[in-house]
Amino acid sequence: MPKKIKIIFLGTSAFGVPLYEAIGQDARFELVLTVSQPDARAGRGRQIRPSTIKTIAQKHNWPVITPAGIKDASNTISSLRPDLLVLCSYGQIVPSEILAIPRFKALNIHASLLPRYRGAACVQAAILNGDQESGLTLMQMDTGLDTGPIIAQKKIKLNGRETSPLLLEILSQAAPDFFRENIILWLEQKITPRPQVEKDASYAPKLTKEDGLIDWQQPNIKIDRQVRALLPWPGTYTFLPDRKYLKILSGFPGQPVAAAKPGEIQYIGNEFAVACLKSYFILGKIQLSGGRPLEAKIFFNGHKEYLGKNFFSAPDCKIES
RNA sequence: CGCGGGGUAGAGCAGUUGGCAGCUCGCCAGGCCCAUAACCUGGAGGUCGCCGGUUCAAAUCCGGCCCCCGCAA
């Protein structure tokens with residue numbers, strides 16, 4: 001390839017950073033523009049802050065724009081005459097008029113083995129469903145939500161103890177090599193994308209705060225998956241017997257038992273555990289609102305009054321601070 | 001000015017009609033026991049976040065400051 005490939009990168013979250021920097025620093029490519037989501041109020045104090053990708057762009061002095069709607073950037077994008085458009089967790093559907101601009105098309109790197117888990121919470125979905133494997137998909141974009149034909153995939157085996165932040169990190173770090181291994185073949189048109197098998201498709205819609213509420217009537221395996229999957233947001237939570245909001249940050253499933261009263265807090269084998277459906281969930285780290293994260297053992301050592309009482313997971317418990 | 005909780009012994013917490021600072025765990029010493037994460041006895045350990053004010057007397061009331069955290073995104 002005699003000439004540099006002109007790339008426009010679309011991304012917002014930290015997940016895309018390794019890939020983004022790899023592209024920006026690759027001599028074969030010329031990063032002509034970065035498109036990210038607009039600055040938004042976030043965090044305590046609701047300060048206005050830029051997206052992670054925008055922050056990285058500014059650090060390298062790479063050109064970046066943050067249109068409210070990607071359509072607003074349509075003219076800017078076409079005037080740069082990009083050869084390729086690469087998207088990684090950008091957060092907006094890109095319309096066909098923009099997808100049609102680059103001659104090597106618009107590609108998306110998605111953190112699941114499509115057609116499984118189209119959508120935003122793809123990594124969480126893999127853990128929530130107890131999948132044996134996860135991975136990355138390089139795909140050609142169309143106007144649907146992660147529906148375009150697949151160019152390449154990379155599988156990652158799961159050991160069943162991953163948390164979302166960890167798996168996200170693993171996939172994020174794997175993205176640059178995965179991209180480099182396939183992009184040249186793509187540019188040389190040695191790969192024919194294959195359409196997704198529609199009947200195998202599933203969706204992982206954005207999570208909500210409600211998804212984090214623990215139902216102690218479930219088997220401990222499910223609760224364990226929920227705890228690992230929903231970090232760091234929305235997080236899993238329950239309510240103490242006096243209805244204080246309590247985050248469950250970690251734990252693991254205990255041995256099955258016949259008679260367990262779901263929700264009951266118990267001291268078992270030198271650990272603090274909560275009864276769920278025919279089993280116990282051993283508590284690891286927990287966090288009260290206003291408090292820092294700490295081992296359940298440390299907290300309950302000073303609160304023996306909770307033993308034998310029940311956690312609430314009733315919907316009438318308001319989420320309060 | 002988005003809403004809110006908190007800084008008290010090594011850890012987690014209680015303690016506002018102001019009056020010599022408490023609980024659980026841990027730690028040290030000893031005891032019981034085949035043994036123990038169990039139990040019993042004794043012990044060490046605190047400028048009550050910082051500064052100032054009110055008062056005979058402040059962890060507790062008033063003012064200012066620093067730090068930590070939850071919700072919300």
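Order of the sequence lines sets the chain letters (A, B, ...), proteins ahead of strands, with each chain counted from 1. In what follows, every heavy atom counts, from backbone to side chain, and hydrogens, waters and symmetry copies are set aside.
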Give none if [N] has no partner; otherwise give the nucleotide forming a Watson-Crick or G-U wobble pair with it, both distances under 3.5 Å.
{"N": "C71(B)", "answer": "G2(B)"}
{"N": "C65(B)", "answer": "G49(B)"}
{"N": "G42(B)", "answer": "C28(B)"}

Problem set entry | Position toward the 5' end of RNA chain B (nearest nucleotide), G45(A) or W233(A) | G45(A)
Seminar exercise, completed: The residue, F299(A) or R41(A), whose nearest nucleotide of RNA chain B is more 5′ is F299(A)
Whole Å only: how far is the [atom1] atom of [X] from the [atom2] atom of [N]?
{"X": "E271(A)", "N": "A38(B)", "atom1": "CD", "atom2": "P", "value": "14 Å"}
{"X": "D242(A)", "N": "A14(B)", "atom1": "CG", "atom2": "P", "value": "10 Å"}
{"X": "R46(A)", "N": "C1(B)", "atom1": "CZ", "atom2": "C1'", "value": "13 Å"}
{"X": "K244(A)", "N": "C13(B)", "atom1": "NZ", "atom2": "C1'", "value": "9 Å"}
{"X": "L288(A)", "N": "C71(B)", "atom1": "CG", "atom2": "P", "value": "12 Å"}
{"X": "I286(A)", "N": "A11(B)", "atom1": "CD1", "atom2": "P", "value": "17 Å"}
{"X": "I298(A)", "N": "A9(B)", "atom1": "CD1", "atom2": "P", "value": "15 Å"}
{"X": "E210(A)", "N": "A72(B)", "atom1": "CD", "atom2": "C1'", "value": "13 Å"}

Problem set entry | Cluster link L230(A) to I170(A), ILVMFWY, side chain under 4.5 Å | no
Distance-only, no hydrogens or angles: does the [X] side chain make a donor-acceptor pair with backbone N or O of [Y] under 3.5 Å?
{"X": "Q37(A)", "Y": "G91(A)", "value": "yes"}
{"X": "S172(A)", "Y": "F15(A)", "value": "yes"}
{"X": "N182(A)", "Y": "F179(A)", "value": "no"}

Given the [atom1] atoms of [N] and [M], what is the spacing between them in whole Å?
{"N": "C28(B)", "M": "A44(B)", "atom1": "P", "result": "16 Å"}
{"N": "G7(B)", "M": "U47(B)", "atom1": "C1'", "result": "15 Å"}
{"N": "C69(B)", "M": "C1(B)", "atom1": "P", "result": "25 Å"}
{"N": "G52(B)", "M": "U60(B)", "atom1": "P", "result": "14 Å"}
{"N": "C27(B)", "M": "G63(B)", "atom1": "C1'", "result": "40 Å"}
{"N": "C61(B)", "M": "G6(B)", "atom1": "P", "result": "12 Å"}
{"N": "C48(B)", "M": "A21(B)", "atom1": "P", "result": "10 Å"}
{"N": "C34(B)", "M": "C25(B)", "atom1": "P", "result": "25 Å"}

Please work out if [X] contacts a base, only the sugar-phosphate, or nothing of the nucleic acid, heavy-atom cut-off 4.0 Å.
{"X": "Y306(A)", "answer": "nothing"}
{"X": "Q287(A)", "answer": "sugar-phosphate"}
{"X": "K247(A)", "answer": "sugar-phosphate"}

Can you list, pair by pair, the side-chain donor-acceptor contacts under 3.5 Å of residues 257-264 of chain A, counting residues two or more places apart and other chains?
residue : atom : partner : partner atom : Å
E264(A) : OE1  : Q266(A) : NE2          : 2.5

Exercise. Of the candidate nucleotides G2(B), C68(B), C71(B), which contains the atom at the shortest distance from the side chain of R292(A)?
Worked result: C68(B)
For this session: Measure from the side chain of H303(A), starting at C-beta and using heavy atoms only, and say which of C71(B), C13(B), A73(B) lies closest.
Result: C13(B)
Problem set entry | Pair F311(A) + W216(A): ring centers closer than 6.0 Å | yes
Exercise. Any chance the rings of Y306(A) and H303(A) have centres within less than 6.0 Å?
Worked result: yes
Exercise. Hey, what's the ring geometry for F239(A) with Y237(A), parallel, tilted or perpendicular (30° and 60° as the breaks)?
Worked result: perpendicular
Exercise. Hey, does the side-chain of R44(A) have a donor or acceptor N/O within less than 3.5 Å of a partner on the base of G70(B)?
Worked result: yes
Exercise. Around Q58(A), counting heavy atoms of other residues, nucleotides and ligands shown, do more than 12 lie under 6.0 Å from its CD?
Worked result: yes
For nucleotides 25-28 of chain B, list the nitrogen or oxygen atoms of the protein found under 3.5 Å from its nitrogen or oxygen atoms, one pair per line.
residue : atom : partner : partner atom : Å
C25(B)  : O2'  : N301(A) : ND2          : 3.0

